[in-house]
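All remarks here apply to the structure that follows.
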Amino acid sequence: MIYSFLQNGDSAVTIQFENEISKEVNRRVTGLCNRIEAKGINGVIELVPTFASLTVFYDCTVITSKKLKKKIKALIDDRENTVKSTAKVWNIPVCYDDEFALDMKNVCEHTSLEREEVIRLHTSKPYLIYMLGFLPGFAYLGGMDERLFTPRLKTPRLEIFEGAVGIGSEQTGIYPIASPGGWQLIGKTPVKVFDKSKESPILYKAGDYIKFFSIDKAEFTEIEKQVENGAYTPTVSEVEL
């Protein structure tokens, strides 16, 4: 396994794997993240996985960089440590009505697909969460059908509504909060994927999957009410890796 350590000041170290975006490389990242969490290394404060690297923040008054790297290297090299064989799949409802699908026409024109086919393809399979970034709870999803690839807007919007589901080139994702953005909007989820009032504010983590399913406006309104009352939780299934 190819990897290297990059020191980031006196309180963080990055483990860099192969410099490519692939399920295999990302699985090494999330697998190492899971093993470090399970090991409970004293002094480790936070783990931040990305597409092909893992940054470990630590308290240098508790553990030295040298000792931390030695422990991490042992976890990587120990063949007895296996990456978990299953991952969570979060089933997220999306309403693709015109009220929310502000750019569906653009997507249809670019892809030469009918609206119904765009929705069918978008909900056809689970998407791997490669990493979180840009916004709290913004998941970078991989695995979208190539037939849906659509360039970002030439002029980004100054504000996109919370829960917006969009397509940006080869990726799809959910805007967890209202923010500027340039992705083509095709729907909205009533689920709050980021809720700062909760102990764990982000619904999912890197290495999990998101599977979208289509709902109509009436279902959207009903789920939205349940979310506001704290009575709705997305169903979770598992997928074998």
Side-chain angles (χ1 to χ4, degrees), residues 88-111 113-129 132-141 143-145 147-148 150 152-153 155-168 171-205 208-239:
K88 287 184 177 180
V89 181
W90 296 89
N91 296 284
I92 304 296
V94 178
C95 181
Y96 295 91
D97 279 15
D98 291 343
E99 178 183 346
F100 307 128
L102 306 183
D103 302 309
M104 181 65 81
K105 183 179 179 180
N106 294 344
V107 174
C108 290
E109 289 179 351
H110 180 81
T111 61
L113 297 171
E114 296 295 328
R115 176 181 178 277
E116 291 73 17
E117 184 67 1
V118 169
I119 296 172
R120 187 189 71 79
L121 290 173
H122 192 251
T123 57
S124 64
K125 58 182 179 179
Y127 299 97
L128 172 62
I129 301 177
L132 303 175
F134 170 53
L135 296 168
F138 188 94
Y140 286 86
L141 306 179
M144 187 171 68
D145 193 297
R147 288 170 287 182
L148 294 177
T150 305
R152 292 171 172 81
L153 297 171
T155 303
R157 291 184 172 89
L158 295 179
E159 184 172 325
I160 289 178
F161 48 84
E162 176 186 335
V165 175
I167 292 174
Q171 293 184 305
T172 185
I174 305 167
Y175 281 83
I177 59 176
S179 73
W183 288 28
Q184 306 272 1
L185 305 186
I186 60 171
K188 180 179 181 179
T189 178
V191 174
K192 291 183 72 68
V193 298
F194 173 74
D195 187 346
K196 63 181 180 181
S197 68
K198 294 185 177 180
E199 183 177 349
S200 297
I202 299 174
L203 183 64
Y204 34 61
K205 66 178 182 177
D208 291 348
Y209 286 77
I210 287 177
K211 176 74 165 58
F212 297 117
F213 66 93
S214 179
I215 57 174
D216 59 29
K217 185 62 185 300
E219 292 171 308
F220 176 93
T221 301
E222 178 57 31
I223 294 175
E224 189 175 45
K225 291 178 181 177
Q226 293 179 33
V227 169
E228 291 175 355
N229 296 328
Y232 184 86
T233 302
T235 58
V236 180
S237 55
E238 288 191 338
V239 62

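Only heavy atoms go into these numbers, but all of them, side chains included; no hydrogens, no water, no symmetry mates.
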- Item | ring pair (Phe, Tyr, Trp, His ring centres under 6.0 Å) assessment of Phe161 paired with Tyr175 | CA-CA 7 Å; Phe161 48 84; Tyr175 281 83; 8.5 Å; no
Assert yes or no for the condition that the ring centre distance of Phe134 to Trp183 is strictly below 6.0 Å. no
- Query: Would the Tyr209 and Tyr127 ring centres measure less than 6.0 Å apart?
  - Reply: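 That pair fails the under 6.0 Å test.
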Step-by-step side chain to side chain contact (heavy atoms under 4.5 Å, CB included) determination, Leu185 to Val165: CA-CA 6 Å; Leu185 305 186; Val165 175; over 6 Å; no
Report all side-chain donor-acceptor pairs from residues 226-239 shorter than 3.5 Å, counting only partners two or more places apart or in another chain.
| residue | atom | partner | partner atom | Å |
| --- | --- | --- | --- | --- |
| Gln226 | NE2 | Glu222 | OE2 | 3.2 |
| Asn229 | ND2 | Lys225 | O | 3.2 |
| Thr235 | OG1 | Asn91 | ND2 | 3.3 |

Closest approach of [X] and [Y], non-hydrogen atoms and distance?
X      : Y      : result
Lys196 : Pro201 : CA-CB, 4.0 Å
Glu114 : Cys108 : C-SG, 4.0 Å
Val193 : Gly137 : CG2-O, 4.3 Å

So, taking the atom named [atom1] in [X] and the one named [atom2] in [Y], what distance separates them when rounded to the nearest 0.5 Å?
X      : Y      : atom1 : atom2 : answer
Thr150 : Ile186 : OG1   : CD1   : 8.5 Å
Ile177 : Ser179 : CD1   : OG    : 6.0 Å
Tyr204 : Lys88  : OH    : NZ    : 13.5 Å

Only pairs under 3.5 Å count here: list side-chain donor-acceptor contacts from residues 95-102, not counting sequence neighbours, and write none if there are none.
| residue | atom | partner | partner atom | Å |
| --- | --- | --- | --- | --- |
| Tyr96 | OH | His122 | ND1 | 2.7 |
| Glu99 | OE1 | Lys217 | NZ | 2.7 |

Taking the side chain as C-beta and beyond, is there a heavy-atom pair between [X] and [Y] under 4.5 Å?
X      : Y      : answer
Leu141 : Phe212 : yes
Glu162 : Lys192 : yes
Pro190 : Ile215 : yes
Val107 : Leu113 : no
Trp90  : Leu203 : yes
Asp195 : Lys198 : yes
Ile160 : Arg157 : yes

Could you give me the CA-CA distance, side-chain angles and deciding distance for Arg147 and Thr111, then say whether side chain to side chain contact (heavy atoms under 4.5 Å, CB included) is met? CA-CA 6 Å; Arg147 288 170 287 182; Thr111 61; 6.0 Å; no
Donor-acceptor pair, [X] side chain versus [Y] backbone, under 3.5 Å?
X      : Y      : result
Gln171 : Gly168 : no
Thr189 : Pro93  : yes
Asp208 : Lys205 : yes
Lys125 : Lys211 : no

**Study point:** CA sep, side-chain torsions, deciding dist, call: Thr123, Val94, side chain to side chain contact (heavy atoms under 4.5 Å, CB included)
**Key:** CA-CA 9 Å; Thr123 57; Val94 178; 6.0 Å; no
### Task
Check the pair Leu128 / Tyr140 against side chain to side chain contact (heavy atoms under 4.5 Å, CB included), numbers first and verdict last.
CA-CA 8 Å; Leu128 172 62; Tyr140 286 86; over 6 Å; no
With sequence neighbours left out, the residues meeting salt bridge (charged side-chain N to carboxylate O under 4.0 Å, His left out) with Glu117 are Arg120
Residue that, paired with Gln184, satisfies side-chain contact (heavy atoms from CB on, under 4.5 Å) out of Leu148, Thr172, Asp103: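 By the side-chain contact (heavy atoms from CB on, under 4.5 Å) criterion, Gln184 pairs with just one of Leu148, Thr172, Asp103: Asp103.
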